[in-house]
Student: 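If you scroll down you'll find the structure; I have some questions about it.
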Amino acid sequence: MEYIDLHTHSSCSDGTLRPAEVVDWAATSGLKVMALTDHDTMAGVAAALARGREKGVEVVPGVELSVRHGATAVHLLGYWLQPDDSGLQQRLQRIQAARQERNQQILAKLNRLGIALRMADLRKISATGQIGRPHIARLLVARGVVRDVNQAFAIYLRRGGVAYAERRRFEAGEAIAAIHRAGGISVLAHPGQLDSSPAIISGLLIALKAQGLAGVEACYPSHSSRFTATLKRLARELDLVVTGGSDFHGEVRPGPPAGLTGAVFRVPYQLYEIMKEKRRMSLGKEFK
Ligand code: AMP
Ligand code: FE
Ligand code: FE
Ligand code: ZN
C-alpha cells in the first residue's frame with residue numbers, strides 16, 4: 001500500500017523543520033505524495049518542490065488559511081495554487097498584516113499581566129519571519145512562565161484565554177474563490193476541531209460547498225474512526241472529495257499522535273488520485 005500526507009507545516013509558518021527537511025521527513029516516512037500547507041504563506045513551496053524532485057516525493061503546493069464562516073473560525077486547505085498569483089499574494093499580505101497587529105495585541109495583554117515579552121525576542125524564535133501564537137507559546141516556555149506549549153495555550157493563548165486576541169479574517173467564501181482563481185481547490189481542514197456533531201458539520205459542508213468547497217479532510221489523527229466514517233459518508237452525499245493529513249509540525253507536534261483507535265495514522269494514495277480527478281474537472285469548468 002502507498003501513502004500520502006496532505007497536511008504539513010514548515011518553519012515558514014509554525015513548524016520546526018525547514019521546507020526541504022519536511023520533504024526529507026516525508027521521504028523517510030515512505031510517503032509517495034506530501035502537500036506543504038503552511039499557515040497563511042506559500043514561502044516554502046519552491047524549496048519543497050525542488051527537494052521533492054530530488055527525493056522522488058510528489059510535492060503538492062498548498063496553504064492553510066484561517067477564515068470565518070459567520071461567527072465560526074474555520075481552517076481551509078488550498079491545493080495546487082499558483083504561489084505567485086497576484087490576487088492570492090495580496091490576500092496573504094493582508095493576512096500577514098493582520099497577524100502583526102494581533103501579535104502586538106497579545107504582547108500588550110501579556111505585558112498587562114506582568115509578563116514582559118518583546119517583539120524582538122519573538123522574531124528570534126521564528127526562523128523565517130512569520131509569527132503566530134505557537135511562537136509566543138515557545139517564548140513563554142523558554143521564559144519559564146509555563147511548563148509547555150499546551151499550558152501556554154490553555155492559560156493564555158487559546159480563544160478565550162487571558163491574553164487571546166482575535167485577528168481579522170476573510171470570509172470563507174471569499175477565500176474559496178481566491179483559491180480557485182489561483183488555480184487551486186479548497187478543502188475544509190480537520191472538522192473535528194470544530195464540532196463532533198454530524199448535523200452541524202453537515203450544515204457547514206453544505207454551506208461551504210455552495211461557495212465552491214471541493215473536499216473535506218476526513219482522515220486526521222484526532223478523528224475517531226467513527227467520525228471519519230461519518231465524514232466520508234457526508235462527502236459522498238455532497239459530492240466532495242475526501243482528503244487526509246497528519247498536520248505535522250516537526251518537533252512541536254512530532255509524528256502523528258496515535259488515533260483514538262490506537263492505530264498508526266496513514267492516508268492511502270488512492271484518495272489522492274480521486275482528488276486529482278476532481279481538480280481536473282474543476283479546472284475544465286473554469287477554462288472551457
Ligand atoms: P495562529 O495561527 O497564530 O492563530 O496559531 C494557531 C496554531 O497554533 C495552530 O495552527 C496550531 O499549530 C497551534 N496550536 C493551537 N492550539 C494549540 C495547543 N493547544 N497546543 C499546541 N499548539 C496549538
Ligand atoms: Fe499550526
Ligand atoms: Fe489547522
Ligand atoms: Zn495545520
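We count ligands from 1, going down the list as the structure has it; atoms in each ligand are counted the same way.
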Student: N/O/S of His7 less than 2.8 Å from the Fe ion (ligand 3)?
Tutor: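 No.
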Student: Nearest N/O/S atom of His75 with respect to the Fe ion (ligand 3), by atom name, please.
Tutor: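 For His75, the N, O or S atom at the smallest distance from the Fe ion (ligand 3) is ND1.
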Student: Which atom, among the N/O/S set of Glu64, is closest to the Zn ion (ligand 4)?
Tutor: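 It is OE1, the N, O or S atom of Glu64 closest to the Zn ion (ligand 4).
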Student: Show your reasoning for whether side chain to side chain contact (heavy atoms under 4.5 Å, CB included) applies to Leu122 and Leu107.
Tutor: CA-CA 10 Å; Leu122 267 183; Leu107 289 194; 4.1 Å; yes
Student: Hey, does the side chain of Asn103 reach the backbone of Arg99 with a donor-acceptor pair shorter than 3.5 angstrom?
Tutor: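 Checking the backbone N and O of Arg99 against the side chain of Asn103, a donor-acceptor pair under 3.5 Å is found.
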Student: Between atom CZ of Arg68 and atom CD of Glu174, what is the distance when rounded to the nearest 0.5 Å?
Tutor: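 It is 7.5 Å, given to the nearest 0.5 Å.
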Student: If you measure from CG on Leu231 to CG on Leu238, what distance do you get to the nearest 0.5 Å?
Tutor: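 The CG atom of Leu238 is 11.0 Å from CG of Leu231, to the nearest 0.5 Å.
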Student: Can you confirm if the NZ or CZ of Arg158 lies within 45° of the ring axis of Tyr164 and under 6.0 Å from the centre of its six-membered ring?
Tutor: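 No, cation not above the ring by the 6.0 Å, 45° rule.
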Student: Any N/O/S atom of His190 sitting less than 2.8 Å from the Zn ion (ligand 4), backbone or side chain?
Tutor: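 Looking at His190, which is the residue asked about, there is no N, O or S atom under 2.8 Å from the Zn ion (ligand 4).
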Student: Need the atom name: nearest N/O/S atom of Glu64 to the Fe ion (ligand 3).
Tutor: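 Of all N, O or S atoms belonging to Glu64, OE2 is the one nearest the Fe ion (ligand 3).
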Student: How far apart are the closest heavy atoms of Asp5 and Gly245, and which atoms are they?
Tutor: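 In this case the closest contact between Asp5 and Gly245 is OD1-CA, 3.2 Å.
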Student: To the nearest 10 degrees, calculate the angle at the Zn ion (ligand 4) involving OD1 of Asp247 and NE2 of His7.
Tutor: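 My answer is 80°, to the nearest 10°.
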Student: Give a rough value, rounded to 10 degrees, for the angle at the Fe ion (ligand 2) between atoms NE2 of His249 and NE2 of His39.
Tutor: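 So the angle at the metal works out to 120°.
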Student: State, yes or no, whether a side-chain contact exists between Pro268 and Met1 at a heavy-atom distance under 4.5 Å.
Tutor: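 Result yes, sub-4.5 Å side-chain heavy-atom pair found.
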Student: Among the N, O or S atoms that Asp14 has, which is closest to the Fe ion (ligand 2)?
Tutor: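 It is OD2, the N, O or S atom of Asp14 closest to the Fe ion (ligand 2).
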Student: Look at His249 and state whether any of its N, O or S atoms is less than 2.8 Å from the Zn ion (ligand 4).
Tutor: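 No N, O or S atom of His249 is closer than 2.8 Å to the Zn ion (ligand 4), so no.
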